[in-house]
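Order of the sequence lines sets the chain letters (A, B, ...), proteins ahead of strands, with each chain counted from 1.
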2 protein chains.
Amino acid sequence: MTANTGSPRSRRERPAKPALSRDGIVSTAVGLMRAEGLGRVTMRRLAQELDTGPASLYVYVRNTAELHAAILDELLGAVDLSPARTPGDWRERLVRVLTSYTEVLFENPGLAQSALVARPSGQHYLDLLEALLSLLDEGGVPAGQAAWAVDLLLQHGTATAAEHAAGNGAGNGATARKGEWDAVAAALRDVSEQTHPRLAALGTELLSGTGPDRLAWGFHLLINGTLHTPRPDAAPAEDRRPAPAPTEGHRK
Amino acid sequence: MTANTGSPRSRRERPAKPALSRDGIVSTAVGLMRAEGLGRVTMRRLAQELDTGPASLYVYVRNTAELHAAILDELLGAVDLSPARTPGDWRERLVRVLTSYTEVLFENPGLAQSALVARPSGQHYLDLLEALLSLLDEGGVPAGQAAWAVDLLLQHGTATAAEHAAGNGAGNGATARKGEWDAVAAALRDVSEQTHPRLAALGTELLSGTGPDRLAWGFHLLINGTLHTPRPDAAPAEDRRPAPAPTEGHRK
DNA sequence: ACCTGAACACCGTTCAAGT
DNA sequence: ACCTGAACACCGTTCAAGT
């Protein structure tokens, strides 16, 4: 109801300068990112897009990190959570959700980098957490382990996506990364059998496998590890229940 | 022998401007970082420190990412690899090495952030890889799994350290992070039992535990997971050896 | 060759002042 | 209150020109 303020006199081209609001700023930021890449989503460029000065944005957003987190939460709306509610092997479904999450970040590795530092805390992020916890519960993972494991699972996806960032968005990505990759590959090739026997034996095995294969392997490894690793604070003996009675569907 | 060039006439204060070299640049960068934080290790500031213009640095360093990677490799010299060569439980020793790695990065979270994108490939990094592989081998982890697991283990340490970065080095860190953390905590507190039952049930359990406890738990989880997760490409049936004959010391 | 001055095209954030 | 012009204090990288 308080939406259409302002006079009917519009400013030339733009479809009437919209009033500033946090949501408006974030959604303009998302659009700008889709159009020009994260590297161009700066306070100054964003302000320009909103036809104002950079200082105005600071009324709604604390800093650039918070802006990035808000953008990310918006993007997380595209994560496919449906596997959490369909039948089938819970591990496979869990990996599907996590892969979807990672794919979203892969499209903007720069955001993944930000996500490690400034976590989102919006609606979509909470939905994602809930879906993951629900799948872990279905798999019979004890609640305490699940609570800590979610972080690890998301961390793996986030970090893997972040690894593909280079510079901050614009085109130079591929070239720069090739340089870095070759550096590691070259270092491994030139390694001495005397000083680094195991490295020499494994050779390029360290860099083998496709991205998706390694990502999925990592998720499976984390899931298996979770099932096999009780928390260090697993309650003092006196307070521990007899046997943590496996939840329905334990180990399938 | 080619070291002391230049005339004896020194420039006022500085102990005679040293000739530029990649090593000199990197070690000056390390010093600058120790003195003023990673946020001040910029091409311009570094050039100033070396008494030259920023353009000169590009003769020796491709870009800022490569500079950061070189700095990191230098710092990795401080990682304690001795547990790889002492007796005792291999898992504990493995975790000790990984913890030492993470601690080095914790002192400069900004570098951890860089490390995800621009991996080091220098001497110290190779030494670290060799030590980790040697411990995994001692634990009877099949070579293929070990080759992939190393990345995951280091990724966990790197990402955990990177999470503590804020801004890019200078003081504002603590304050900024507190804001972010509170945001997640607040979001979790206000979650609805109807829409997010599991989140509501777990509550602050998700954020429980000390940093070191969670870090170590993560490492143990990864190690356990590695032992329980064969690689997807584990060789076609025809080419597979009868039974991967456990290496010496399998499962201790 | 190796080195660099100067320029190009930008940044985040703050604050005093306006409406 | 909400908004902003202008300033402060910086950036990475390139390139033509010097030695």
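- The list of salt bridge (Lys or Arg N to Asp or Glu O under 4.0 Å) pairs with a residue in residues 206-217 of chain B, not counting sequence neighbours, reads A/Asp151-B/Arg214.
- D/dC3 sits 14 Å from C/dT14 when the C1' atoms are compared, rounded to a whole Å.
- Here C/dT13 presents its P atom at 12 Å from CZ of A/Arg62, a figure rounded to the nearest Å.
- For B/His196, the ring-ring contact (aromatic ring centres under 6.0 Å, His included) criterion is met by no residue, not counting sequence neighbours.
- Listed by chain and residue number, A/Glu66 satisfy the side-chain hydrogen bond (donor to acceptor under 3.5 Å, both in side chains) test with A/Arg22 (two or more places apart in sequence, or in another chain).
- In this structure, B/Leu50 and B/Leu20 have side chains that are in contact, with non-hydrogen atoms separated by less than 4.5 Å.
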Under 3.5 Å, sequence neighbours excluded: what are the donor-acceptor pairs made by side chains of residues 69-79 of chain A?
residue: A/Asp73; atom: OD1; partner: A/Gly122; partner atom: N; Å: 3.2
residue: A/Asp73; atom: OD1; partner: A/Tyr125; partner atom: N; Å: 3.0
residue: A/Asp73; atom: OD2; partner: A/Gln123; partner atom: N; Å: 3.4
residue: A/Asp73; atom: OD2; partner: A/His124; partner atom: N; Å: 3.4

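- Rounded to an integer number of Å, the gap from A/Gln48 CD to D/dT4 P is 14 Å.
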Produce a footprint string for nucleotides 5-12 of chain C: one letter per nucleotide, 5' end first; B if the base is under 4.0 Å from any protein heavy atom, S if only the sugar-phosphate is, - if neither.
B-B---BB

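- For A/Arg45, the salt bridge (Lys or Arg N to Asp or Glu O under 4.0 Å) partners two or more places apart in sequence, or in a different chain, are A/Glu36, A/Glu49.
- A straight line from CG of B/Leu20 to P of C/dC2 spans 12 Å, rounded to a whole angstrom.
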Side-chain polar contacts of residues 100-111 of chain A - donor-acceptor pairs under 3.5 angstrom, sequence neighbours left out - could you list them?
residue: A/Ser100; atom: OG; partner: A/Asp80; partner atom: N; Å: 2.8
residue: A/Tyr101; atom: OH; partner: A/Thr158; partner atom: OG1; Å: 2.7
residue: A/Thr102; atom: OG1; partner: A/Leu98; partner atom: O; Å: 2.8

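- Where DNA chain D pairs in unbroken runs of 3 or more (Watson-Crick or G-U, both distances under 3.5 Å), the stems are C:4-8 with D:12-16, C:12-16 with D:4-8.
- If you take atom C1' in D/dC10 and the same atom in C/dA9, they sit 14 Å apart, rounded to whole Å.
- Between the C1' atoms of D/dC11 and C/dA7, the separation comes to 14 Å (whole Å).
- When the C1' atom of D/dT14 is taken as reference, atom CG of B/Leu57 falls 14 Å away, rounded to whole Å.
- Scanning for salt bridge (Lys or Arg N to Asp or Glu O under 4.0 Å) contacts around A/Arg44 gives an empty result, with sequence neighbours left out.
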